[in-house]
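Working notes for the structure below.
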Amino acid sequence: MNTVKTVRELRAAVAQARAEGKQIGLVPTMGNLHAGHAALVEKAAQRSDFVVASIFVNPMQFGPSEDLDKYPRTLQADQQRLVDAGCHLLFHPDVAEMYPGGMGEQTRISVPGVSEGLCGASRPGHFEGVATVVTKLFNMVQPDLAVFGQKDFQQLAVIRTMVRDLNMPIQIIGEPTVRAESGLALSSRNGYLSDEQRETATVLYRSLQHIAQAIQAGERDLPALIAQAQRQHADAGLRADYLEVREAQSLRQLGPGDRELVVLVAAYLGNTRLIDNLSFTLDQGY
Ligand SMILES: Nc1ncnc2c1ncn2[C@@H]1O[C@H](COP(=O)(O)OP(=O)(O)OP(=O)(O)O)[C@@H](O)[C@H]1O
Ligand SMILES: CC(C)(CO)[C@@H](O)C(=O)[O-]
Ligand code: BAL
């Protein structure tokens, strides 16, 4: 697996793969790779012939008081993981390569509607940063397909909407969340947690399961279900950001007859912000 740092080298390597008749798959990441990322690369390797992964901690999607500076950077271990998962090329640009004119006057992509609320409410500008950098990566690589994790459920919805609205000829594949045995969704930010906090954080997935099961069993008092879960989170030492049930395709508020639902949670444990979600189908509709 080659690692390249410039757009010029990236384009040359992809052009060569294309000239050999290969289908191109892209897996964008911010590095500090775990088994969740490996699953995305493996999926891309199944569905395409030449897998490009990117590692770029994108300053544009971080708020001023977020963890841009301390976000873990572990290039060597990441390269090994990518090789093991079947990646052919790693793009690892620096900020100047990605934003040569600086970020201030960079053209931006905004995706209204689906970007609003949930993480969009607590991280203003975040999805504009994500949509902009993903568009740039799409234009640099021009992949046939790109793989993203369902763990970042709203991000996946934003990207699907952007691709549809801007007629980008790229198939978007959403991969299920890879979890620890405890149920905790794997995330680079879990590295900020102590062993005890990692155990505490498992309450989030248990709540998602409980809420999904209760709705499937006919419970419709969502405010009560959510309040009960939030009390448990607070008792465990978590600070609530949001806990909501939405229609899963559009992320709009639930309406009568909806069948595809998703429960989404974000909460702080100390300074660490954790997110998780669980989607499910209602046979009879909501
Ligand atoms: N547990 C997981 N299972 C499946 N995909 C995942 C998982 N965690 C992250 N991903 C996906 O990997 C891609 C890159 O995400 P990113 O590098 O931000 O990793 P992360 O572990 O989610 O980090 P963070 O702590 O910043 O959220 C995204 O498409 C994301 O949805
Ligand atoms: C998609 C992404 C690589 C864009 O920076 C990032 O938001 C992530 O890692 O999920
Ligand atoms: N995993 C999404 C990237 C972010 O939290 O900034």
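Order of appearance sets the numbers: ligands from 1, and atoms from 1 within every ligand. Not measured: the values here are computed from a predicted model.
- Minimum heavy-atom separation, Val178 to Ala39: CG2-CB, 3.9 Å.
- Contact annotation for Met30 and ligand 3: only side-chain heavy atoms (C-beta onward) come within less than 4.0 Å of the ligand.
- Remark: ligand 2 and Gln61 share an N or O pair separated by less than 3.5 Å (distance only, no angle test).
- Close to ligand 3: Arg123, with a non-hydrogen atom less than 4.0 angstrom away.
- Among all non-hydrogen protein atoms, the one lying nearest atom 9 (O) of ligand 2 is Met30 CG, 3.3 Å.
- A 6.0 Å sphere centred on CD of Gln76 holds no more than 12 heavy atoms belonging to other residues, nucleotides or ligands.
- For ligand 2, one of its N or O atoms has an N or O atom of Gln155 under 3.5 Å away.
- Of all the heavy atoms of Glu66, none lies under 4.0 Å from any atom of ligand 3, so neither backbone nor side chain is involved.
- Taking the ring centre of Tyr192 as origin, the terminal cationic atom of Lys70 falls inside the region bounded by 6.0 Å and 45° from the ring axis.
- The closest side-chain heavy-atom distance from Ile55 to Thr3 is not below 4.5 Å.
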### Message
Using side chain to side chain contact (heavy atoms under 4.5 Å, CB included), reason through Met98 and Leu137 one step at a time and then give a plain yes or no.
### Response
CA-CA 9 Å; Met98 215 54 188; Leu137 290 166; 3.6 Å; yes
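- Of all the atoms in ligand 3, the ones that sit under 4.0 Å from a non-hydrogen atom of Asp152 are 1 (N), 2 (C).
- Close contacts of ligand 3 with His126, meaning ligand atoms under 4.0 Å from a residue heavy atom, involve 4 (C), 6 (O).
- Looking at every heavy atom in both residues, His37 comes nearest to Leu33 through ND1-CA, 3.2 Å.
- Interface atoms of ligand 2 facing Val130, defined by a heavy-atom separation under 4.0 Å, are 7 (O).
- Near Val133, meaning under 4.0 Å from any of its heavy atoms, are these atoms of ligand 2: 4 (C), 5 (O).
- Across all their heavy atoms, Arg273 and Ala266 have their closest contact at NH2-CB, 3.7 Å.
- Listed by chain and number, residues touching ligand 1 at under 4.0 Å (heavy atoms only) are Pro28, Thr29, Met30, His34, Gly36, His37, Leu40, Tyr71, Phe148, Gly149, Lys151, Asp152, Gln155, Pro176, Thr177, Val178, Leu186, Ser187, Ser188, Arg189.
- Leu261 approaches Ile215 most closely through the heavy-atom pair CD2-CG2, 4.0 Å.
- Taking both residues in full, the closest heavy atoms of Gly129 and Asn58 are given as O-ND2, 3.1 Å, listed atom of the first, atom of the second, then distance.
- The distance from ligand 2 to the heavy atoms of Pro28 drops below 4.0 Å at these ligand atoms: 3 (C).
- Nearest heavy-atom pair, Arg179 versus Gly183, reported as atom, atom and distance to 0.1 Å: NH1-O, 2.9 Å.
- Counting the atoms of ligand 3 from 1 in the order shown, those under 4.0 Å from a heavy atom of Gln155 are 2 (C).
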### Query
Going through the distances and angles, do Val263 and Phe153 end up as a side chain to side chain contact (heavy atoms under 4.5 Å, CB included)?
CA-CA 10 Å; Val263 199; Phe153 197 90; over 6 Å; no
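- Closest to atom 3 (C) of ligand 3 by heavy atom, among Arg189, Gln61, Met60, is Gln61.
- Phe56 and Leu75 fall into different hydrophobic clusters, where Ile, Leu, Val, Met, Phe, Trp and Tyr are joined by side-chain heavy atoms under 4.5 Å apart, directly or via other members.
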